[in-house]
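Structure record follows, encoded as structure tokens.
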Amino acid sequence: MSNIDEKNKEKLREGRATLGGDVIWDIGLLPKSTTALLGLQHLFAMFGATILVPLLTGLDISTTLFMAGVGTLLFHFLTKGKVPAFLGSSFAFLGGYAAVAPMVDGAPNVEMLPYASGGIFFAGLVYVVMALFIKSFGVKRVMRFFPPVVTGPIIISIGLILAPSAIGNASTDWLLAIVAMAVVVYFNIFGRGMAKIIPLILGIVSAYVLALILGRVDLGAEAGAQLVALPLHRESLMKFDLSAIITIVPLALATMMEHIGDISAIGATVGKNYIKDPGLHRTLMGDGLATSLAAIFGGPANTTYGENTGVLVLTRVYDPKVMELAAVFAIILSFFPAVSQVIRSIPVAIIGGVSLILYGMISAIGVRNLVENQVDFTKSRNLIVAALIFVSALGFSGPVDGISFQVLGAEVKLSALAIAALVGIGLNAILPGKDYNFDQEDPQDTGVNFSGADTTLEGHEGEQVFPNK
């Protein structure tokens with residue numbers, strides 16, 4: 001433990017330490033009431049983005065909260081309780097859900113959602129395979145196959161493919177959509193402290209209050225909601241379909257880059273290199289198994305959350321046990337169906353307004369991924385790889401909806417994103433001139449965080465970046 005940690009510990013014992021001012025690694029030295037509030041703060045930070053995924057896909061909200069909590073605890077177990085991360089719903093798989101189980105007139109596609117979950121299950125296993133490769137061959141060798149010139153265009157394509165659905169939802173009530181969008185934009189740019197970390201939830205709540213005032217919310221469903229109920233449902237259990245699996249599994253390429261970016265950002269925030277200890281193989285294993293576990297019961301893929309990293313910056317309480325406490329709160333909340341019913345009553349236009357920002361952010365984050373990794377587009381091979389990814393992703397999502405073919409008598413369908421991912425990985429492997437090297441000693445926070453949360457916060461940029469490396 002460093003001298004700074006010892007000094008802060010002494011301050012805590014004497015009651016002189018301040019939240020947000022002194023770094024705190026041991027919440028056992030804080031009052032229990034303060035610890036509980038810190039856990040609730042992390043729950044509140046992840047809540048808006050996590051519930052947005054089931055609202056966009058039709059998945060069950062209670063199951064989503066339950067599996068986010070369980071997945072976070074599993075992640076902490078597998079990473080030896082060293083990484084202060086919370087696992088919430090991943091936006092990166094929205095394109096896969098849209099391809100396999102698109103919403104029908106705003107209602108969940110209950111017939112196809114279990115098959116989408118089956119695809120998510122295998123996507124989580126891709127993490128496990130990647131973790132084993134990294135453990136066996138080293139992170140630098142493995143990452144050469146997944147450079148930013150492949151992952152960046154795929155991330156951009158995810159947002160562009162989803163854009164029409166955002167417009168369609170927003171067009172049902174442009175007033176509510178614009179209010180939701182404006183609030184998200186305002187707090188993203190001008191917000192301070194906690195408000196800057198939770199712009200999505202503030203946008204949804206603000207527009208929802210307006211919808212209540214205008215009488216545009218149907219509250220009838222909440223009247224019959226049970227007080228307490230299990231958050232798991234037999235009809236939501238995953239099922240397997242080869243086409244769904246092949247459609248969704250390649251998206252794990254983008255989410256693994258999201259994972260690496262998030263783990264790097266968390267490390268930069270708290271001043272530790274988690275890529276080295278407990279190791280990228282352990283964090284990937286935790287993220288992947290949490291995703292597969294969630295998929296079994298009909299929950300969305302899990303991923304480390306930038307919103308909670310933002311709370312770390314805000315409070316400077318870095319003890320991973322705070323995240324574990326937030327996970328327990330999420331599990332408890334999932335047993336109250338009334339919460340899910342109220343969330344389900346949010347008008348689709350509000351979701352559309354938030355999605356206008358969210359889907360645009362996904363594409364913009366892909367651009368940021370390319371810029372921050374200094375991808376050289378004066379090289380013809382990089383231009384060709386990116387160009388064919390874009391054409392495949394956008395071309396096969398139009399009138400020509402993917403590619404269908406027979407395998408052993410079974411029909412297999414590749415979605416646009418699956419085709420784009422396979423084309424990008426294949427071209428990058430074949431074409432000469434690879435120039436990407438992943439640095440384990442100084443991993444870069446690439447900004448690949450699909451929730452679009454700002455994890456820097458003014459006044460804390462550049463502090464404690466691996467001081468003990």
Side-chain angles (χ1 to χ4, degrees), residues 1-51 65 68-73 75-77 79-88 187 191-202 205 262 265-272 274 304-336 339 453-461 463-464:
M1 185 176 288
S2 69
N3 291 332
I4 294 175
D5 294 334
E6 288 293 348
K7 287 180 181 179
N8 288 340
K9 217 170 193 180
E10 191 63 33
K11 280 186 177 182
L12 280 168
R13 292 194 188 97
E14 296 173 3
R16 295 186 291 113
T18 57
L19 287 177
D22 298 293
V23 173
I24 298 171
W25 281 101
D26 183 3
I27 60 170
L29 298 173
L30 293 171
K32 287 184 171 55
S33 58
T34 301
T35 301
L37 287 174
L38 287 168
L40 288 172
Q41 189 174 34
H42 277 286
L43 175 71
F44 189 59
M46 72 87 192
F47 194 81
T50 291
I51 65 168
L65 290 172
V70 171
T72 298
L73 295 178
F75 176 88
H76 280 247
F77 173 76
T79 56
K80 303 179 180 180
K82 292 184 176 182
V83 185
F86 190 97
L87 271 61
F187 284 107
R192 291 289 182 271
M194 193 67 182
K196 191 174 183 66
I197 297 169
I198 56 169
L200 291 179
I201 196 170
L202 292 175
V205 169
D262 284 346
I266 295 169
T269 297
V270 306
K272 292 188 176 182
Y274 293 123
T304 44
Y305 252 38
E307 286 85 348
N308 296 92
T309 305
V311 176
L312 292 177
V313 178
L314 188 68
T315 64
R316 309 198 81 188
V317 177
Y318 299 155
D319 190 344
K321 291 186 180 66
V322 178
M323 302 291 191
E324 295 167 14
L325 182 59
V328 172
F329 285 148
I331 291 170
I332 294 171
L333 191 62
S334 72
F335 282 86
F336 295 91
V339 175
D454 187 320
T455 61
T456 57
L457 295 182
E458 293 180 9
H460 292 288
E461 292 95 330
E463 293 184 6
Q464 293 190 329

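This is a predicted model, so every value here is computed, not measured.
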Exercise. Got a second to check how far L325's CG is from D319's CG, nearest 0.5 Å?
Worked result: 10.5 Å

Problem set entry | Distance (rounded to the nearest 0.5 Å) between D262 CG and T269 OG1 | 10.0 Å

Exercise. Heavy-atom distance under 4.5 Å between the side chains of L73 and E324, does that happen here?
Worked result: yes

Exercise. What heavy-atom pair brings G28 and D26 nearest, and what distance separates the two atoms?
Worked result: N-OD1, 2.9 Å

For this session: Identify the heavy atoms of P320 and G81 that sit nearest to each other, and give their distance.
Result: CG-O, 3.4 Å

Exercise. Is any side-chain heavy atom of V311 less than 4.5 Å from a side-chain heavy atom of M194?
Worked result: yes

Exercise. Sub-3.5 Å donor-acceptor pair from the side chain of N308 to the main-chain atoms of F86, do we have one?
Worked result: no

Problem set entry | For G39 against A326, the heavy-atom pair lying closest together | O-CB, 3.4 Å

For this session: Report yes if some heavy atom in the side chain of M46 is under 4.5 Å from a heavy atom in the side chain of L65; otherwise report no.
Result: yes

For this session: Taking all non-hydrogen atoms of both residues into account, name the closest pair between F187 and P199 and its distance.
Result: CB-CB, 4.1 Å

Exercise. Can you tell me how far CE of M323 sits from CG of L312, rounded to the nearest 0.5 angstrom?
Worked result: 4.0 Å

Exercise. Does Q41 have any side chain to side chain donor-acceptor pair (under 3.5 Å) partners at least two apart in sequence or in another chain, and if so, which?
Worked result: none

Exercise. Between H42 and A85, is there a donor-acceptor pair closer than 3.5 Å when you use the side chain of the first and the backbone of the second?
Worked result: no

Exercise. Would you say I198 and F47 make side-chain contact, with heavy atoms under 4.5 Å?
Worked result: no

Exercise. Please walk me through it: do I24 and L29 pass side chain to side chain contact (heavy atoms under 4.5 Å, CB included)?
Worked result: CA-CA 9 Å; I24 298 171; L29 298 173; over 6 Å; no

For this session: Quick one: pull up CH2 in W25 and CZ in R316 and give me the separation to the nearest 0.5 Å.
Result: 11.0 Å

For this session: Would you give the length of the straight line joining atom CD1 of I331 to atom CG of L43, rounded to the nearest 0.5 angstrom?
Result: 11.0 Å

Seminar exercise, completed: On a heavy-atom basis, the closest approach of L38 and L30 is CD1-CD1, 3.7 Å

For this session: Please test Y274 against T79 for side chain to side chain contact (heavy atoms under 4.5 Å, CB included), starting from the C-alpha separation and ending with a verdict.
Result: CA-CA 10 Å; Y274 293 123; T79 56; over 6 Å; no

Problem set entry | Partner residues of K82 under the side chain to side chain donor-acceptor pair (under 3.5 Å) criterion, sequence neighbours left out | D277

Seminar exercise, completed: When rounded to the nearest 0.5 Å, the distance separating CG of L87 from CZ of F75 is 6.0 Å

Problem set entry | Least distance between heavy atoms, V270 atom then P84 atom | CG1-CG, 4.2 Å

Exercise. Can you name the residues that form a side-chain contact (heavy atoms from CB on, under 4.5 Å) with V205, not counting sequence neighbours?
Worked result: I201, V209

